[in-house]
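Numbers for residues simply follow the sequence, beginning at 1. Model, not experiment: these values are computed from the prediction.
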Amino acid sequence: MEREERATFAAELTHWRNVRGLSKAALAQRLNIDPSYVSHLEAGREHGSSRLARRADTELDAGGALWQAWQRTDASPLHCRSVNGRVLLHPNGCAPGGEVPGALPSLSRKCG
């Protein structure tokens, strides 16, 4: 996924959290997730699930903006990429055609 595409959801999440005056820890508590995961989402290192995106949209009263940003990001062409020498997988955690060299074995699986 292209950096700009992934940043769409990340930027929206950060924007709406700030608009509502919440810390990352406070949002994490509302979403029942680890605060470090909020940081990963906002930095674009993680994509999150559709369920999480809808919950965040509701909790932050974003009027569908977060859900739409997540859908745009999730609908982007799926491919693997490398950042700082680390292989990143698709948002769904699979690799087209098989395992991805350099990816964590627990995260790498075939699409299908």
To the nearest 0.5 angstrom, please state how far the [atom1] atom of [X] sits from the [atom2] atom of [Y].
X: L13; Y: T8; atom1: CG; atom2: OG1; result: 12.5 Å
X: H47; Y: F9; atom1: NE2; atom2: CZ; result: 7.0 Å
X: L52; Y: E46; atom1: CG; atom2: CD; result: 10.5 Å

Subject >> Non-hydrogen side-chain atoms of S49 and W70 separated by less than 4.5 Å >> reply: no

Subject >> Side-chain touch L60/L22, heavy atoms, less than 4.5 angstrom >> reply: yes

Where do [X] and [Y] come nearest, in terms of heavy atoms and distance?
X: I33; Y: V38; result: CD1-CG2, 3.7 Å
X: A10; Y: G44; result: CB-N, 3.9 Å
X: A69; Y: E12; result: CB-CG, 3.7 Å

Original post:
Going by the side chain to side chain donor-acceptor pair (under 3.5 Å) test, which pairs reach into residues 18-34, not counting sequence neighbours?
Top reply: D34-S36

Subject >> Partners meeting ring-ring contact (aromatic ring centres under 6.0 Å, His included) with W16 (sequence neighbours left out) >> reply: none

